[in-house]
Amino acid sequence: MTVHGTRLDLIPGTLCDERMWSRLAPLLDGYDLHHVPLHQARTREQMRELIARHSVPKTNLVGFSLGAYLAIEYAVAHPERVSTLVLIANSCKGLLPTEIEARKRIVAMLEKNAYSGMTRHRLRELLHPDHMTDASITGVIQQMAVDLGKDVLLAQFTTTIDRVDYMDQLHTLSFPVLVVGAEGDQLVPAADLRDMAARLPDARLEMVGEPTGHMIPLEAPGALAALLHAFYRSTTSP
């Protein structure tokens, strides 16, 4: 297998679809990109089924945020089906207590009110301050939120708030893993990423150097593309 033509099965995050990768995809010329339509699922079981259905045997899974957590879950359950794993902006410990409370508040509001899209407050939690006025980033996030809407957000929040801590099972994943994070990510502690990388048998940890918050594929596509190119070059045969 060579880097050129390598198939990547991409799993987006909460309230995201393939547009989450829209700024990264043009920088991955030569790769065969396939998108897991996570937004179609309404239950945790449907999420698992979508990953299985839209990825190949011996998949190169690339997950972002919730997608990365689900990728770990899939890999722990089916290690024989995974060739490589890329985990972007996610802790396999689950959500921070502050994020769990934030999501519960959002769910309570959604159940009583209409949903009009991503709030500025939520954007500030997701993005680096440098990107709050960048319409090429905020516009994608807000449009996904409006298009996917209340039902998707409710389903994803309510079915994924409770998350198993997979730290003690990471040692069972013997294939190459790339863990990508950012010090500016308000939702994922950098210490968790370092702990994950230390427990994985064949892992590399890369903290994105340029300014970025949680939404790394949109905020730092160039840096992320460089990390992916280097990772796949190192894990494929000449």
Side-chain angles (χ1 to χ4, degrees), residues 10-25 35-36 38-39 62-71 86-110 113 115-161 163 179-193 206-225 227:
L10 309 176
I11 314 174
T14 302
L15 208 58
C16 296
D17 57 19
E18 65 218 49
R19 287 171 286 186
M20 187 66 226
W21 312 99
S22 59
R23 303 186 79 210
L24 175 67
H35 301 278
V36 176
L38 198 62
H39 62 280
V62 181
F64 164 70
S65 194
L66 170 62
Y69 180 85
L70 294 171
V86 176
L87 306 171
I88 305 165
N90 174 77
S91 168
C92 72
K93 287 183 178 179
L95 301 172
L96 289 173
T98 52
E99 177 63 10
I100 291 173
E101 289 307 311
R103 290 181 176 222
K104 287 180 177 178
R105 287 195 301 271
I106 293 171
V107 167
M109 287 187 292
L110 284 173
N113 304 288
Y115 179 65
S116 57
M118 189 78 64
T119 65
R120 295 293 291 178
H121 175 73
R122 186 59 174 169
L123 278 174
R124 282 193 291 272
E125 294 175 333
L126 295 174
L127 297 176
H128 189 278
D130 288 358
H131 299 142
M132 283 297 296
T133 58
D134 187 338
S136 69
I137 296 171
T138 61
V140 174
I141 297 170
Q142 290 171 325
Q143 195 61 55
M144 286 191 296
V146 170
D147 292 347
L148 298 180
K150 176 177 176 175
D151 289 347
V152 171
L153 183 55
L154 268 176
Q156 293 183 339
F157 268 12
T158 57
T159 62
T160 66
I161 283 180
R163 302 187 186 186
V179 179
V180 181
E183 297 289 352
D185 187 343
Q186 300 178 59
L187 304 186
V188 181
D192 285 7
L193 303 182
E206 298 286 355
M207 301 300 287
V208 177
E210 64 186 65
T212 181
H214 183 66
M215 309 296 278
I216 295 172
L218 286 172
E219 295 185 77
L224 179 56
L227 295 175

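- Closest heavy-atom contact between S65 and G13: CB-CA, 4.3 Å.
- Smallest separation of non-hydrogen atoms from I88 and P217: CG2-CD, 4.3 Å.
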message = For L187 and L96: C-alpha separation, side-chain torsions, deciding distance, then whether side chain to side chain contact (heavy atoms under 4.5 Å, CB included) applies.
response = CA-CA 7 Å; L187 304 186; L96 289 173; 5.7 Å; no
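- Scanning both residues, E99 and L95, for their nearest heavy atoms gives CG-CD2, 4.0 Å.
- Contact of the L38 side chain with the Q156 side chain is registered, since non-hydrogen atoms from C-beta on lie closer than 4.5 Å.
- Between the side chain of E219 and the backbone N or O of H128, at least one donor-acceptor pair lies under 3.5 Å.
- With respect to the salt-bridge test (charged N to carboxylate O, under 4.0 angstrom), the residues R105 and E101 do not qualify.
- For the pair T138/M118, no side-chain contact is recorded, criterion being any heavy-atom separation below 4.5 Å from C-beta on.
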request  = Could you walk me through whether L218 and S22 pass the side chain to side chain contact (heavy atoms under 4.5 Å, CB included) test, one step at a time?
outcome  = CA-CA 7 Å; L218 286 172; S22 59; 4.1 Å; yes
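- Rounded to the nearest 0.5 Å, atoms CZ (R120) and CG (L127) are 8.5 Å apart.
- Rounding to the nearest 0.5 angstrom, the gap separating the OG1 atom in T212 from the CG atom in D185 is 7.5 Å.
- When all heavy atoms of A89 and I216 are compared, the pair lying nearest together is CB-CD1, 4.2 Å.
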request  = Please assess R23 against V140 for the test side chain to side chain contact (heavy atoms under 4.5 Å, CB included), listing each intermediate value before the final yes or no.
outcome  = CA-CA 10 Å; R23 303 186 79 210; V140 174; 5.6 Å; no
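- The shortest heavy-atom contact between G67 and I11 is CA-CG2, 3.5 Å.
- Residues H131 and P211 come closest through the heavy atom pair CE1-O, 3.1 Å.
- With contacts defined as side-chain heavy-atom distances shorter than 4.5 Å, the pair V180/V208 qualifies.
- Using a 4.5 Å cut-off on side-chain heavy atoms (C-beta onward), L66 and N90 make no contact.
- In this structure, H39 NE2 and L148 CG are separated by 6.0 Å, a value rounded to the nearest 0.5 Å.
- Here the side chains of Q186 and H214 are not in contact, with every heavy-atom distance at 4.5 Å or above.
- Under the 4.5 Å side-chain criterion, counting only non-hydrogen atoms from C-beta, I141 is in contact with M215.
- Within the 4.5 Å cutoff, the side chain of D17 has no heavy atoms near those of the H35 side chain.
- Once rounded to the nearest 0.5 Å, the distance linking CE of M109 with OH of Y115 reads 10.0 Å.
- Between L10 and M20, every side-chain heavy-atom pair lies at or beyond the 4.5 Å cut-off.
- To the nearest 0.5 Å, the span separating CZ on R19 from CD on Q143 amounts to 6.0 Å.
- Distance check: T119 OG1 to I106 CD1 gives 7.0 Å after rounding to the nearest 0.5 Å.
- Applying the side-chain contact (heavy atoms from CB on, under 4.5 Å) criterion to A25, with sequence neighbours excluded, gives L33.
- Classification of the F64-W21 ring pair by plane angle, with boundaries at 30° and 60°, yields perpendicular.
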